[in-house]
Amino acid sequence: MDSSDYNPTPHVIPEGENATPLEVVGGDCTATEKLIIIMCGLPATGKTHIGNRIARYCSFFLDIQTKIFNVGDYRRELFGARLPAEFFDHSNKENMAKREQACDAALSDLVDYMKQDGVRVGILDSTNSSRKRRAHIRDVLQKENKLKCKIIVLESVVDKEEVIEQNVRFIKRNAPDYEGKDDKEAMEDFHKRREMYMNVYEPVDESDGSHIKMINNQTFVVHNTGGYLPQKVVHFVMNLHSHPRVFYLSRHGQSEYNLLGKIGGDAGLTDAGLEYARRLAVFANDVVGKQVVKDEETGEEKKVSRPARLWTSTLRRTKETAQFIKKEVITTQKDNGEELEWIQFMGRQRRNLDELYAGVCDGLTYAEIAEKFPEEFQRRQEDKLTYRYPRGESYMDVTLRLETIVLDIERTREPILIVGHQGIHRLLYAYFMGLPRDQAPFVSIPLNTVIELSPHAYGCDEKRYVLLSKEELLKDGQDEPVTSMPMKEMAENTQKMSSGDGKTYGFDPMNPPSF
């Protein structure tokens with residue numbers, strides 16, 4: 001019986017058969033909701049880091065347009081970078097007028113952005129240190145421009161000296177204001193700038209309206225916030241911290257299905273896959289589970305153990321890849337100085353890290369899919385991001401189940417080694433490297449390579465370690481047909497971006513050089 005006989009008026013979604021309805025991902029209950037976040041806090045309290053993480057989360061996982069308006073960028077554009085600390089003296093009326101000009105320029109662009117149609121989030125990133133300044137911002141947004149947006153003041157408070165010093169050192173190395181400046185001079189200048197703000201700073205209170213107060217990323221005060229977007233932001237920021245962190249992405253070793261060119265399945269490792277697993281165990285012990293410390297008296301550097309975590313999927317090939325990693329007991333310290341026994345690389349199997357499920361195409365090669373399901377093959381060529389395998393998943397489906405994984409990564413301080421799959425790591429990589437979601441399916445995540453990612457306030461640093469070169473394999477089964485990457489220009493652009501610095505290199509991105 002033809003389907004038209006029993007279903008003459010079918011429900012047809014605009015994305016096409018077996019595609020993911022995009023509205024589901026962004027939460028269609030927010031169709032008219034807009035949110036403005038006013039950052040607040042002294043320098044070196046992680047405001048820019050927090051703002052950037054919120055923006056990335058909203059755009060990637062909620063599919064909501066989000067833009068940051070950093071007042072420091074406007075100041076540098078108007079008056080130049082590398083301004084001395086005296087520029088931030090609140091008693092200097094001339095310089096105060098310049099700073100207010102920069103803030104108002106950012107505020108004006110924020111207003112124009114929020115007036116556009118559609119759900120969107122705008123973030124005003126600045127110290128906003130006085131109640132007068134914060135009240136002025138609210139007046140401009142609500143009274144002068146009549147914006148119908150929810151407004152939240154997000155204050156970051158850090159009163160632990162060791163954390164402040166850590167943040168200052170990072171800012172000195174990465175902030176545009178101190179690019180090329182002598183280390184000692186930069187540190188002294190920034191401390192002077194911070195003191196200028198401390199002299200006039202007024203903490204956020206109920207007079208500021210709806211607000212979130214983050215104290216050392218440990219204590220949270222949430223006042224009068226409601227609605228879908230504000231509550232999503234509250235939940236997200238409770239998982240953030242500003243400590244330096246690093247995590248490592250590794251695909252499983254070569255599996256029997258990899259060798260045959262089959263997708264999906266739950267096959268074990270080949271001999272080459274087991275060799276990679278042994279090398280990964282050495283890498284985990286020597287790199288992931290170690291840190292370099294300097295003796296304060298002698299200046300001598302040495303490697304010492306540091307607590308590290310290990311996550312795998314529930315599939316056989318990832319568990320076999322992690323099987324040789326040693327689980328030793330080490331002694332570490334909590335923040336309060338209390339000693340703690342830690343089981344190094346105590347594995348955690350996570351269903352959310354399982355590979356994208358190919359449904360009826362599971363266990364087939366690309367050639368077999370093209371032969372048996374030519375229409376499905378073509379649909380995937382046309383939109384790899386939203387295409388859903390029959391009775392299987394799409395990249396968008398996987399994005400939904402990776403949200404909890406990302407929250408865990410955001411809140412974890414210890415290094416994490418994640419042994420997973422190509423589709424999973426493509427999405428995690430795209431999220432942390434700031435790539436658009438539609439480029440994620442084309443990111444290069446080769447076998448036998450560990451990708452080290454270090455997120456920070458101004459982006460994410462990347463290193464790639466090749467543990468088993470392509471030349472050492474007789475066959476790797478990873479020659480994905482060109483026809484499975486229909487958007488040639490997008491794939492080429494993504495390969496350039498996935499190098500970490502946007503440059504083009506003269507090597508095969510599927511087999512980058514060893515570091």
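In this structure, Thr219 OG1 and Met238 CE are separated by 10.0 Å, a value rounded to the nearest 0.5 Å. Between Met433 atom CE and Ile451 atom CD1 the span is 9.5 Å, to the nearest 0.5 Å. Between the CD atom in Glu195 and the CG atom in Leu42 there is a gap of 11.5 Å [rounded to 0.5 Å]. Distance check, rounded to the nearest 0.5 Å: CG of Asn239 to CZ of Arg411 gives 4.5 Å. For the atom pair CG of Leu107 and CG of Leu141, the computed distance is 5.5 Å after rounding to the nearest 0.5 Å. Expressed to the nearest 0.5 Å, how far CG of Asn216 lies from OG of Ser242 amounts to 9.0 Å.
The backbone N or O of Ile405 lies less than 3.5 Å from no partner atom in the side chain of Arg350, so there is not a single donor-acceptor pair. Listed for the Thr45 side chain is no donor-acceptor partner under 3.5 Å among the backbone atoms of Gly41. Side chain of Asp461 to main chain of Ser454: no donor-acceptor pair is present (N/O by atom type, distance under 3.5 Å, no hydrogens or angles). A side-chain donor-acceptor contact under 3.5 Å links Asn128 to the backbone of Met39. A donor-acceptor pair under 3.5 Å links the side-chain atoms of Arg120 to the main chain of Asp117, judged by distance alone. Checked by atom type and distance alone, the side chain of His90 pairs as donor or acceptor with a backbone atom of Phe88 at under 3.5 Å. With hydrogens and angles disregarded, a donor-acceptor distance shorter than 3.5 Å links the side chain of Arg437 to the backbone of Phe60. Remark: side-chain polar atoms of His211 are not paired, donor with acceptor, to backbone N or O of Glu206 under 3.5 angstrom. Between the side chain of Thr412 and the backbone N or O of Glu414, no donor-acceptor pair lies under 3.5 Å. When atom types are taken as modelled, the side chain of Thr332 and the backbone of Leu340 share no donor-acceptor pair closer than 3.5 angstrom.
Between Asp286 and Lys303, no side-chain nitrogen of the basic residue sits less than 4.0 Å from a carboxylate oxygen of the acidic one, so the salt-bridge criterion is not met. At a threshold of 4.0 Å, the pair Lys150-Glu33 counts as salt-bridged, since one of the basic side-chain nitrogens sits closer than that to a carboxylate oxygen. With respect to the salt-bridge test (charged N to carboxylate O, under 4.0 angstrom), the residues Lys47 and Asp125 do not qualify. A salt bridge between Arg401 and Glu393 is present, with a side-chain N of the basic residue lying under 4.0 Å from a carboxylate O of the acidic one. Look at Arg76 and Asp73 and you find a salt bridge, because one of the NZ, NE, NH1 or NH2 atoms lies within 4.0 Å of a carboxylate O, short of that distance. For Arg193 and Asp177, the salt-bridge test passes: some basic side-chain N is under 4.0 Å from an acidic carboxylate O. The pair Lys192-Asp189 fails the salt-bridge criterion, with no side-chain N (NZ, NE, NH1 or NH2) lying under 4.0 Å from an Asp/Glu carboxylate O.
Relative ring orientation between Tyr431 and Phe61 is described as tilted, the plane-to-plane angle lying within the 30° to 60° band. Between Tyr178 and Phe190, the ring-plane angle classifies as perpendicular under the 30° and 60° cut-offs.
For the residue pair Asp104/Tyr74, the side-chain donor-acceptor check at 3.5 Å is not satisfied. Side-chain N/O atoms of Tyr57 and Glu410 include no donor and acceptor closer than 3.5 Å. Side-chain polar atoms of Gln116 and Lys34 form no donor-acceptor pair below 3.5 angstrom. No donor-acceptor contact under 3.5 angstrom links the side chains of Asn70 and Ser126, judged on distance only. Using a 3.5 Å distance cut-off with no hydrogens or angles, the side chains of Tyr465 and Glu452 do pair a donor with an acceptor. There is a side-chain donor-acceptor pair under 3.5 Å between Ser313 and His421. The closest side-chain donor-acceptor pair between Asn95 and Asp89, if any, does not fall under 3.5 angstrom. His191 and Glu165 form a side-chain donor-acceptor contact under 3.5 Å, judged by distance and modelled atom types alone.
In this structure, Lys213 forms no cation-pi arrangement with Phe220, as its terminal cationic atom is not both closer than 6.0 Å to the ring centre and no more than 45° off the ring axis.
Counting heavy-atom neighbours within 6.0 Å of Gln231 CD, excluding the residue itself, gives a total above 12.
The heavy-atom pair separating Val222 from Thr225 by the smallest distance is CG1-OG1, 3.1 Å.
Residue Arg134 is tested with Asp139, Asp208, Asp205 for a salt bridge (charged side-chain N to carboxylate O under 4.0 Å, His left out); the sole match is Asp208.
The list of ring pair (Phe, Tyr, Trp, His ring centres under 6.0 Å) pairs with a residue in residues 93-149, not counting sequence neighbours, reads Phe69-Tyr113.
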